[in-house]
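Contents: one structure, followed by commentary.
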Protein chains: 2
Amino acid sequence: MPPTNPPMNSSTAGEKAAGDKPRLSRDLVLSTALALVDEEGLDALTMRRLGQELGRDPMSLYRYAANRAALLDGVTELVLKELSIFPDRPDWQAQLRQIAHDLRLLALRHPNVVPLLVTRPLSTPLGLRPLGTLRPLEQILSLLIDAGFAPADALHVYRAYYGFLYGHILNELQEFIVDPDENEALLRLGLHRLPAKEFPRLRALGPVLADYDGAAELDQGISILLTGLAAPLIHEKTTPGTAAR
Amino acid sequence: MPPTNPPMNSSTAGEKAAGDKPRLSRDLVLSTALALVDEEGLDALTMRRLGQELGRDPMSLYRYAANRAALLDGVTELVLKELSIFPDRPDWQAQLRQIAHDLRLLALRHPNVVPLLVTRPLSTPLGLRPLGTLRPLEQILSLLIDAGFAPADALHVYRAYYGFLYGHILNELQEFIVDPDENEALLRLGLHRLPAKEFPRLRALGPVLADYDGAAELDQGISILLTGLAAPLIHEKTTPGTAAR
DNA sequence: GCGTAAAGTCTACATCGTAGACAGTTTCTA
DNA sequence: TAGAAACTGTCTACGATGTAGACTTTACGC
């Protein structure tokens, strides 16, 4: 019997190889799941397939995730752990900008996970979500409150900010889906299929659509948001009673 | 044999009733599917269940949608058809604001469809999406261009706007998931489960989280965006070369 | 009334999530 | 060190799902 090293982190643990069998652990299961999703998409993540990837019976996975949904939540959490927020920085605006770019890159690194990021919280009440999922929220709130916002205002800022951020990511990822072999803009995006009379603007914008500078676009958006946020929100309440009681 | 009325629209066609069998049609199939999703969620929409709902063999559905994914796309399209945009109005800002609220209400009317709205485009290249899905994009572009924006700028405005809008909708729907029987804020959101030391801010915000005025929040966000957009974007390019070639 | 195309049905299969009983292994305790 | 207890992994089995392909029934133009 080989020594079977104790709950070690993922590392280059032998997947697929039938011979050696590293001891399973939640970390190992989840990171293998993430790798699978990254490489082959969400649909490829079935219990059976993941079991096979780990050289184990599919049923063994249920020791580490109550069911498939929980597995998905675990993957979401794992991805969000890659996002690090340092709440003790001087300039809150610079921080928000930084976080935005970090999250964007994270999404580009794991595009197949984005649907989970966006969708899972829709079916889980706030308090029941995986803690790792809520940590960024808490940290950003903390950051804003430390910067001088009243808690209720911090929440509003957070909402506007995170809303915009998620929206941008979805936008960018949507436009990313493209046939990379084709280099004529119209074709690359499949725009040639659109009836010319009904979609003249869209078709005409083919070339512009084709070269999308996501980072710049995001940065610009954040700027707009920040300038809009910094001044008016704090002092005047446009919606009386919202933050009062 | 009853007359079996020809491809009539949905209306109150007898579902489930075993006796009468209205002729199927794509519209009937899709609207029944939508009703099912609205009432019981996305998971309830299986071919077998939908067939049963229509009093028909599940296989018959394949005459009207190539597969389940196409069915989902159809539902998405159907929902988006409820959004009407009138591109010939005077004030583009007022229009964008109006559309935002319309889309928000639409999302609240069909919360179970929102994951589709947001997720399906992530796996389909722009040009291959259902046309109904692209129509709002085209119309908003048209609106902006008519209002004097250069096409490339219109695209940027659209992106910022729609990104924010989707983000807001996701945000609002996320916070909506709540146990309505409970009226203590902490409990209603399940926040009591959170470790107090790790999530002090979030827990403290329980009451504020509990009464969320989505419309106001959205309106405020749109205002910020519009003021930010109206001035700087058109004249100075912060990212040289993005819109030029 | 007949022929052709469309609409609907039937059977069958591979694949999925997962319940429940079981066996093997590790860890704790006396 | 022996035995008990807890944990890990495996096996078998079941019901549900999407859908291919052959078939039957219905509708409709001439």
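Chain identifiers are assigned alphabetically (A, B, ...) following the order of the sequence lines, protein sequences preceding nucleic acid strands; residue numbering begins at 1 within each chain. Source: prediction; values computed, not measured.
Straight-line distance from the CG atom of A:D57 to the C1' atom of C:dG24: 14 Å, rounded to whole Å. Rounded to whole angstrom, the span from the CD atom of B:Q52 across to the P atom of C:dT9 amounts to 14 Å. When rounded to the nearest whole Å, the span between CG of B:L54 and C1' of C:dT9 equals 15 Å. Rounded to whole Å, the distance from CZ on A:R63 to P on C:dC22 is 14 Å. The nearest whole Å value for the distance from the CG atom in B:L61 to the P atom in D:dA20 is 13 Å. One can place OH of A:Y64 at 10 Å from P of D:dT10, the figure rounded to the nearest angstrom. Atom pair B:L28:CG and C:dA7:P shows a separation of 13 Å (rounding to whole Å applied).
A search for side-chain hydrogen bond (donor to acceptor under 3.5 Å, both in side chains) contacts involving A:D102 returns A:Q98, not counting sequence neighbours. Taking the ring pair (Phe, Tyr, Trp, His ring centres under 6.0 Å) definition, one finds that B:Y166 meets it with B:Y162, sequence neighbours left out. Partners of B:R135 by side-chain hydrogen bond (donor to acceptor under 3.5 Å, both in side chains), not counting sequence neighbours, listed by chain and number: A:E198. With sequence neighbours excluded, the residues forming a side-chain hydrogen bond (donor to acceptor under 3.5 Å, both in side chains) with B:R104 are B:E172, listed by chain and number. Take A:R109 and apply the side-chain hydrogen bond (donor to acceptor under 3.5 Å, both in side chains) test, not counting sequence neighbours, and it matches A:E82.
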Do any N or O atoms of the protein come closer than 3.5 Å to N or O atoms of nucleotides 15-19 of chain D, and which pairs are they?
| from | atom 1 | to | atom 2 | distance (Å) |
| --- | --- | --- | --- | --- |
| D:dG18 | OP2 | B:M47 | N | 3.0 |
| D:dG18 | N7 | B:R48 | NH1 | 2.5 |
| D:dG18 | O6 | B:R48 | NH2 | 3.1 |
| D:dT19 | OP2 | B:Y62 | OH | 3.0 |
| D:dT19 | OP2 | B:R68 | N | 2.9 |
| D:dT19 | O5' | B:Y62 | OH | 3.4 |

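The two residues B:P200 and A:E138 come nearest to each other via the heavy atoms CD-OE2, 2.9 Å.
In this structure, of C:dG8, D:dT10, C:dT26, it is C:dG8 that holds the atom nearest to the side chain of B:R56.
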